[in-house]
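A short worksheet on the structure shown next.
Worth saying up front: this structure is predicted, and the values here are computed from it rather than measured. Order of the sequence lines sets the chain letters (A, B, ...), proteins ahead of strands, with each chain counted from 1.
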Amino acid sequence: MLNFSNKLINWYLQNKRELPWRQINDPYRIWLSEIILQQTRVEQGTPYYFKFTEAFSDIKALADAHEDEVLKLWQGLGYYSRARNLHATAKKVAYELDGKFPDTYSEIKKLKGVGDYTASAIASICFDEATAVVDGNVYRVLSRIFGIDTPIDSTPGKKEFKALAQNLIDADDAANFNQAIMEFGATQCKPKNPYCLHCPFNEDCVAFQHGKIDKLPVKKGKIKVKNRFFNYLLFITTEGETVLNQREDKGIWRGLFDFPLLETEADLTKENFRDSVKDLKITGETKPVVFAELPVIDIILQQQDPIIHKLSHQKLHVKFWVIKLKNKSGLKTVSFDDFENYAVPRVIDRFMEGFDYKCFVSVG
DNA sequence: AATGCGGGGAC
DNA sequence: GTCCCAGCATT
């Protein structure tokens with residue numbers, strides 16, 4: 001197509017949103033914004049960009065933070081390995097690369113948490129290197145305009161779209177081209193109800209001319225969602241303490257804190273709770289403590305129906321069981337007053353917002 | 001080549 | 001309910 005790049009950049013200059021990371025090319029801030037925006041909408045990520053830039057004014061400040069502090073700031077944004085990789089890369093740049101952010105695509109791509117997309121974005125925006133970005137927006141825009149039905153979640157598809165984007169990019173204005181094609185996909189060539197009638201490319205757009213806008217891009221993979229049943233044990237001691245563990249093993253929420261967890265094959269009822277939980281080991285000061293040996297005063301199920309918490313691949317059925325204890329009896333406890341300092345999954349954070357432990361602390 | 005990894009918003 | 005978001009790492 002004649003002048004694809006010119007038309008696209010022209011559209012961008014007239015229609016772009018003003019975003020906090022536009023009009024700057026500080027690699028620290030561009031990198032930070034790109035990590036935050038991986039699989040994340042601008043509206044969702046923007047508050048986190050402000051939180052991080054206010055907490056850490058440069059990459060050394062981020063490097064010097066504790067990982068738990070980084071995770072706490074990241075709380076609620078999801079895909080928490082991004083936060084751990086962000087911190088690891090900050091330390092790498094600050095202390096192994098002498099504080100100098102890598103300035104070429106190939107060097108940037110070696111950083112933890114940085115793949116083809118992010119390396120291309122930073123290299124073009126910060127260092128004018130003409131490497132084309134390919135994100136979800138680019139797949140959609142190019143598949144529609146050029147009528148490409150190669151599945152975007154296949155190896156041939158990834159290669160084909162990357163090559164096409166690289167062929168189209170304006171080498172003299174790579175930063176604007178890359179941001180333009182993404183902005184165009186985000187606000188004009190949207191997944192649903194794109195603005196085709198006043199699109200600058202509608203005369204050339206293969207998908208529009210053939211009525212196939214809703215057929216492109218093509219994706220072959222279908223995700224199947226697994227149901228899981230979580231029973232959180234919300235211990236409450238007479239001293240106003242509870243038990244909180246940091247999740248370390250593989251799986252969701254690595255690095256975050258949560259309550260002792262009894263996972264079951266199906267929804268757990270009050271009648272079956274005691275028997276199911278009796279052998280569960282709870283983190284102790286020195287060694288794990290078996291639930292059956294705890295001085296339980298009372299068990300209160302907070303709500304009859306489980307809270308439904310949806311992840312991309314999992315549907316969690318979450319119940320919170322409040323368990324009053326006469327004393328801490330060897331358990332590794334933390335004070336409820338310190339709870340806000342721990343990074344916890346969204347479902348726990350949301351539950352605790354409407355929960356007052358003081359209502360359950362025994363008096364007298 | 002497949003799979004796992006969060007959470008939220010649009011429809 | 002479904003789909004997708006300025007993707008990446010691991011197997």
Side-chain angles (χ1 to χ4, degrees), chain A residues 12 16-17 19-22 30-49 71 74-86 88-89 108-122 124-125 132-141 151-159 161-162 165 175 177-187 189-194 214 216-226 228 247 249-256 258 308-316 343-350:
Chain A
Y12 175 66
K16 68 176 177 179
R17 295 167 289 182
L19 302 176
W21 46 87
R22 300 245 210 255
I30 297 300
W31 162 67
L32 173 64
S33 73
E34 294 298 346
I35 302 298
I36 287 174
L37 292 175
Q38 287 169 4
Q39 291 291 281
T40 304
R41 292 172 196 283
V42 166
E43 308 84 68
Q44 187 186 4
T46 299
Y48 287 83
Y49 175 81
L71 279 170
W74 200 271
Q75 175 179 296
L77 194 55
Y79 287 159
Y80 296 93
S81 64
R82 288 185 293 171
R84 297 193 305 273
N85 288 334
L86 185 83
T89 290
I108 296 168
K109 193 171 180 297
K110 292 176 182 171
L111 301 172
K112 269 189 185 175
V114 174
D116 188 281
Y117 162 77
T118 304
S120 300
I122 298 172
S124 61
I125 294 171
V133 295
V134 181
D135 71 337
N137 294 305
V138 177
Y139 282 126
R140 187 169 54 255
V141 170
I152 62 174
D153 54 348
S154 66
T155 301
K158 290 188 174 92
K159 284 182 62 177
F161 283 97
K162 175 76 180 184
F177 177 90
N178 275 342
Q179 294 181 85
I181 193 167
M182 291 190 284
E183 187 81 347
F184 184 76
T187 67
C189 193
K190 301 180 297 176
K192 298 285 175 60
N193 305 322
D214 60 340
L216 294 172
V218 173
K219 218 183 222 180
K220 61 182 172 69
K222 311 151 185 36
I223 41 178
K224 45 183 172 186
V225 177
K226 186 183 175 190
R228 299 179 73 183
R247 297 177 65 90
D249 42 337
K250 292 189 189 302
I252 57 175
W253 302 328
R254 268 211 304 289
L256 271 64
D258 66 354
I308 302 301
H309 186 74
K310 291 179 177 176
L311 308 179
S312 297
H313 294 74
Q314 302 181 20
K315 181 177 178 184
L316 306 181
V344 298
R346 190 76 178 94
V347 65
I348 289 182
D349 187 44
R350 187 175 290 158

Applying side-chain contact (heavy atoms from CB on, under 4.5 Å) between A:Tyr80 and each of A:Asn85, A:Leu71, A:Ile252, report the one that passes.
A:Leu71
Protein-nucleotide distance (A:Ile35, atom CD1; C:dC5, atom P), rounded to Å:
18 Å
Rounded off to whole Å, could you give me the CG-to-P distance for the A:Asn137 and C:dC5 pair?
6 Å
Just how far, in rounded Å, is C1' of C:dG7 from CE of A:Met182?
12 Å
Can you tell me how far C1' of C:dG7 sits from CZ of A:Phe161, to the nearest Å?
16 Å
Apply side chain to side chain donor-acceptor pair (under 3.5 Å) to A:Thr89 and list each qualifying residue two or more places apart in sequence or on a separate chain.
none
Using a 4.0 Å heavy-atom cut-off, does A:Val42 contact any base of the nucleic acid, only the sugar-phosphate backbone, or nothing at all?
sugar-phosphate
Between the protein and nucleotides 9-11 of chain C, are there any N/O to N/O pairs under 3.5 Å, and if so, what are the atom names and distances?
| from | atom 1 | to | atom 2 | distance (Å) |
| --- | --- | --- | --- | --- |
| C:dA9 | OP1 | A:Gly113 | N | 2.6 |

Using whole Å, what does the distance between atom P of nucleotide C:dC8 and atom NZ of A:Lys110 come to?
17 Å
Sugar-phosphate only, base, or nothing, as touched by A:Leu19 at under 4.0 Å among non-hydrogen atoms:
base
Interatomic distance, A:Leu86 CG vs C:dG7 P [rounded to whole Å]:
16 Å
Checking A:Glu183 now: which residues fulfil side chain to side chain donor-acceptor pair (under 3.5 Å) with it, not counting sequence neighbours?
A:Arg17, A:Arg22
Within the 4.0 Å heavy-atom criterion, would you say A:Asp116 contacts the bases, only the backbone, or no part of the nucleic acid?
sugar-phosphate
Who pairs with A:Phe161 by ring pair (Phe, Tyr, Trp, His ring centres under 6.0 Å), at least two apart in sequence or on another chain?
A:Tyr139
Listed partners of A:Lys110 passing side chain to side chain donor-acceptor pair (under 3.5 Å), at least two apart
A:Glu107
Test item: A:Met182 and A:Tyr117 side chains (from C-beta on) under 4.5 Å apart, heavy atoms
yes
Quick one: does any side-chain atom of A:Arg84 pair with a main-chain N or O of A:Arg254 as donor and acceptor, under 3.5 Å?
yes
How far does the C1' atom of C:dA6 sit from the matching atom of B:dT3, given to the nearest Å?
23 Å
Spacing of the C1' atoms in C:dC8 and B:dG9 (rounded, Å):
23 Å
Could you tell me which residues satisfy ring pair (Phe, Tyr, Trp, His ring centres under 6.0 Å) with A:Trp21, sequence neighbours excluded, listed by chain and number?
A:Tyr49
Give A:Lys220 one of three labels, base, sugar-phosphate or nothing, depending on what nucleic acid heavy atoms sit under 4.0 Å from its own.
sugar-phosphate
A:Asp153 or A:His313: which one's nearest nucleotide on DNA chain B is closer to the 5' end?
A:Asp153
Give one of base, sugar-phosphate or nothing for A:Arg140, where a contact means two heavy atoms less than 4.0 Å apart.
sugar-phosphate
Is the shortest side-chain N/O distance from A:Lys315 to OP1 or OP2 of C:dG1 below 4.0 Å?
yes
Which part of the nucleic acid, if any, lies within contact of A:Arg247, taking any heavy atom under 4.0 Å across all strands shown: a base, the sugar-phosphate backbone alone, or nothing?
nothing
Under 4.0 angstrom, heavy atoms only, what part of the nucleic acid is A:Trp21 near: base, sugar-phosphate, or nothing?
base
A:Lys109: what forms a side chain to side chain donor-acceptor pair (under 3.5 Å) with it, not counting sequence neighbours?
none
A:Gln314 CD to B:dG4 P: how many Å, rounded?
8 Å
Which letter, B, S or -, goes with each nucleotide of nucleotides 6-11 of chain B from 5' to 3', with contact meaning a protein heavy atom under 4.0 Å?
BBBB--
Rounded to whole angstroms, how far apart are CG on A:Leu37 and P on C:dC8?
12 Å
Would you classify A:Ser33 as touching base, sugar-phosphate or nothing, given that sugar-phosphate means primed atoms plus P, OP1 and OP2, and contacts are heavy atoms under 4.0 Å?
nothing
Scan for side chain to side chain donor-acceptor pair (under 3.5 Å) pairs involving residues 39-48 of chain A, sequence neighbours excluded, and state none if there are none.
A:Thr40-A:Arg82
